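As structure tokens, the structure follows; a few thoughts come after it.
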Number of protein chains: 2
Amino acid sequence: MTTSEPGDAKRPTRRSSNPTVHDVALEAGVSPMTVSRVLSGGKNVRLEVQERVARAVETLGYHRNENARSLRPGHRSGLVGVTITNIANPYYAEMLRGVEEIASAHGRRILVGNSNEDADLEKQLVADFIGRRVEGLIVVPSSAGDAAHLQLERLGGVPVVLASRAVGGVSADTVLIDDVEGARTATAALLAEGHRRVAYLGQRSVFTGRRRLEGFTVAHEALELTPDEELIRVGQQDVGSAERAMTELLDLADPPTAVFSANNRNTVGAIRAIVARRRATAGTGAGGGGDDIRVAGFDSFDFADIAPVRLSIVDHDAGDLGRRAAAMLFDRLDGGAQPVEPRVLELPVTLRDLF
Amino acid sequence: MTTSEPGDAKRPTRRSSNPTVHDVALEAGVSPMTVSRVLSGGKNVRLEVQERVARAVETLGYHRNENARSLRPGHRSGLVGVTITNIANPYYAEMLRGVEEIASAHGRRILVGNSNEDADLEKQLVADFIGRRVEGLIVVPSSAGDAAHLQLERLGGVPVVLASRAVGGVSADTVLIDDVEGARTATAALLAEGHRRVAYLGQRSVFTGRRRLEGFTVAHEALELTPDEELIRVGQQDVGSAERAMTELLDLADPPTAVFSANNRNTVGAIRAIVARRRATAGTGAGGGGDDIRVAGFDSFDFADIAPVRLSIVDHDAGDLGRRAAAMLFDRLDGGAQPVEPRVLELPVTLRDLF
DNA sequence: CGTGTGTTTGGTAACGATAACAACCCGGCC
DNA sequence: GGCCGGGTTGTTATCGTTACCAAACACACG
């Protein structure tokens, strides 16, 4: 386009839209093919031409259209879809960072969706991701609703890795936390200290909740004890409801002397309730009471170490969960021929005393 | 094409790859065009044909290729790019959720990248996002390095909204927390209580840190006071270093009677140092000392309300930050003709006394 | 029965990029 | 001079989808 003939009105100048290889080619006085060649390494292109093209790219602010590229056969989209039940949960945020880290190292970008524990929304997200030709999916499956949309054949052959939770009826690569063992160890520690009335705060409807309750029960059974049903509270979703549940427990005629909580929201709620009770009884001069309730909880959280109670935490690395899940996915994507059987990985946890 | 003639070997059956409109058309015995019509609403297509196509879609597990669709003129990619300096930071995670919420409501998906405070990485992310034809960008700019890549003309006209931090030399829509006012109010509250030696714990290299220090200073100047340089500590990145800095302050000949900290890590560190000192002096029977150090801090955190000191918090909503940034972006994308001037929004903060 | 109106359907081209092929240029060799 | 091989460049066709046009069809009305 050094000289602008009146005849070449084929492509009217469109300043607004993104420039294409064609525009760059005009600017550099070469063919689109040559531009393409320069952009993919410049093999077999004269140096002088390469420089001319580079200048044109710079001048026009050209960016290769990846969507168009991914259209060509054999080309990959470079995208991985991630659906999470709640991005704002620091635990999943940390996991997401792990996924991003590995994806980035493999030259992929991540598409993120929030399923909000809604299977329908999750289904839409997955369908949309497949429509965008993601190469793979990492899914924290929602606890509610059926999961038929995660069947391999429904995904058009796109590999999926389930993270944090398994799904009945779906056989796919899965990375889990060792929920049962974590809950068992923590509960066993409380029992070993002599506590015999240990409460449980958690969930039963969610996969991890069920497993953690199982660990709680197993620890009791190992000592031929049976947990008191009255001390088992399930269904608290947030800190507020957890605090109320703990307060109820403290109000019992025969209150617990220790509590195991199955996630960080419940732990924080329990600690709040204990501290509130401590302040109230301190005023009456009663002294003892809720003061020395022992707490053990699954998941770490910010500033757990300044909690004003004797606290142990079942710690696990969310970032590692994400990295492992992503690694599993890229193993299938970039690794050679794979075994077809899905693999299940259970990540270990550690019990930390924070006092 | 119900009967398969030997001659029609044009498109060999490819079970492995994703089916296309063409495949669906063959299956349903119609033309690709008709399939396309059915998929976009089915206007002017016989009901019987629509059902046939729907069945074929179901049978083959067809998903429209969004990348191919977005190629067509006038069509949008439905993507928004988000770069964050640290996804794992709960504050930005919450922000991300806000962005996702609004994006989702506008029928868009989000591409997420972690810049890790690295301007080069951020630049690559932005370039890649533009290559994928995102309709807009939401960027938490990295504090280090230059930001030429965020210039509007460099972005090929893709609108960008800066979140949480502004960037010198870049004029773009920006959503900020009202750092100056938050720090000013909190500091003013401490001064109003009669404190005259108020320490500052925070940062000076980061945008928000500078602004919060400014608010701290302004509050002093309003009362014709000058903050003691000795009481200003900057550069603490984590709880540990903040605790050490606070301990140093307590060891001064003329220690502060109150402290304003510019973020939650510093607040927690300060509280730790104060509590440690209190325990130490309690043993000596000294009584007073670090006992009644007053604390005010930016950012909330778990257990802020049960902290064992007189604490005020400058509270702000990260989710709101994300929602506002996204709303600003979609205002430009979906709203009609816009004013060209970039807008800057400063979100209000509230001072909460937690005692 | 012819014409007009409206519905349903299919062919063609284009979006942006690039493999595959073809064409060209150049120097070196017989 | 004519031919060959290597480097360089351009042309064509294709990826999956859909807007636009044209064709085919149904039906009503004069």
Side-chain angles (χ1 to χ4, degrees), chain A residues 10-12 14 16-53 56-57 60-78 130-134 156, chain B residues 1 10-12 14 16-53 56-57 60-78 128 130-134 156:
Chain A
K10 240 177 158 181
R11 173 173 294 265
R14 304 164 307 149
S16 60
S17 189
N18 275 315
T20 73
V21 261
H22 201 105
D23 301 320
V24 177
L26 283 179
E27 176 79 18
V30 295
S31 77
M33 193 56 234
T34 299
V35 174
S36 173
R37 262 189 285 255
V38 171
L39 291 171
S40 35
K43 193 89 183 119
N44 288 347
V45 180
R46 255 190 313 155
L47 203 63
E48 190 263 333
V49 175
Q50 291 193 42
E51 281 163 2
R52 210 140 33 96
V53 169
V57 165
L60 300 177
Y62 170 78
H63 293 262
R64 255 197 315 206
N65 187 328
E66 287 298 327
N67 294 334
R69 287 190 86 203
S70 73
L71 210 53
R72 299 207 47 83
H75 224 283
R76 318 228 145 260
S77 69
I130 292 179
R132 295 183 192 281
R133 293 300 181 267
V134 294
Chain B
M1 192 74 66
K10 242 174 157 181
R11 174 175 292 267
R14 303 165 307 149
S16 60
S17 189
N18 275 315
T20 74
V21 260
H22 201 103
D23 301 320
V24 177
L26 282 179
E27 177 78 18
V30 294
S31 78
M33 195 53 236
T34 299
V35 173
S36 174
R37 260 189 286 255
V38 172
L39 290 171
S40 37
K43 193 88 183 118
N44 288 346
V45 180
R46 255 189 314 155
L47 202 65
E48 188 264 333
V49 174
Q50 290 194 41
E51 282 163 1
R52 209 138 38 96
V53 170
V57 166
L60 300 177
Y62 170 77
H63 292 263
R64 259 199 309 209
N65 187 328
E66 288 297 327
N67 294 335
R69 287 189 85 202
S70 74
L71 209 53
R72 302 204 46 79
H75 222 283
R76 317 226 147 262
S77 70
D128 186 282
I130 292 179
R132 295 182 191 281
R133 293 300 182 266
V134 295

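We name chains A, B, ... by the order of the sequence lines, and we start the count at 1 in each one. The shown structure was predicted, so the numbers you read here are calculated from the model rather than taken from an experiment.
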Problem - Where B:V134 and B:S77 come nearest, the two heavy atoms and their spacing - result: CA-OG, 3.8 Å
Exercise for the section: Indicate, yes or no, whether a donor-acceptor pair under 3.5 Å links the base of D:dA19 to the side chain of B:R72. Expected result: no
Fill in the blank from the handout: note: B:L71, atom CG; D:dC15, atom C1'; distance rounded to Å ~ 9 Å
Completion exercise
On a heavy-atom basis, the closest approach of A:V57 and A:V24 is CG2-CG1, 3.9 Å
Completion exercise
When rounded to whole Å, the NE2 to P distance for the pair B:H75 and D:dC20 reads 12 Å
Practice task
Could you tell me the separation between the CZ atom of B:R76 and the P atom of C:dG16, rounded to a whole number of Å?
Solution key: 13 Å
Completion exercise
So CG of A:N67 and CZ of B:R133: to nearest 0.5 Å the spacing works out to 7.5 Å
Problem - d(CG, A:D23; P, C:dC15) in whole Å - result: 11 Å
Exercise for the section: Taking only the side-chain nitrogens and oxygens of B:T20, find out if one of them lies under 4.0 Å from OP1 or OP2 of D:dG16. Expected result: no
Problem - Interatomic distance where NE2 belongs to B:H63 and P belongs to D:dT17 [whole Å] - result: 12 Å
Exercise for the section: Specify the separation, in whole Å, of atom CG of A:L26 and atom P of C:dG16. Expected result: 13 Å
Practice task
Indicate the atoms forming the closest heavy-atom contact of A:Y62 with A:L39, along with that distance.
Solution key: CE2-CD1, 3.4 Å
Exercise for the section: Return the minimal non-hydrogen interatomic distance between A:P32 and A:A25, and the atom names on each side. Expected result: N-CB, 3.5 Å
Practice task
Quick one: label B:R69 by what it contacts on the DNA or RNA (base, sugar-phosphate, nothing), any heavy atom closer than 4.0 Å.
Solution key: sugar-phosphate
Handout entry: Interatomic distance, A:H22 NE2 vs C:dT18 P [rounded to whole Å]
Key = 15 Å
Fill in the blank from the handout: Which of D:dC15, D:dT17, C:dA17 is nearest the side chain of A:R64? It is C:dA17
Polar atom pairs (N or O), protein with nucleotides 9-11 of chain C, under 3.5 Å:
residue, atom, partner, partner atom, Å
C:dT9, OP1, B:R46, NE, 3.0
C:dT9, OP1, B:R46, NH2, 3.0
C:dT9, OP2, B:R46, N, 3.0
C:dG10, OP2, B:S31, N, 3.1
C:dG10, OP2, B:S31, OG, 3.0
C:dG10, OP2, B:T34, OG1, 2.5
C:dG10, N7, B:R37, NH2, 2.8
C:dG10, O6, B:R37, NH1, 3.4

Practice task
Round to a whole Å and report the spacing from CD1 of B:I130 to P of C:dG16.
Solution key: 16 Å
Exercise for the section: Taking the side chain as every heavy atom from C-beta outward, state whether A:V53 and A:Q50 have any atom pair closer than 4.5 Å. Expected result: no
Practice task
For the pair B:R132 (side chain) and A:E66 (backbone), establish whether a donor and an acceptor sit closer than 3.5 Å, ignoring hydrogens and angles.
Solution key: no
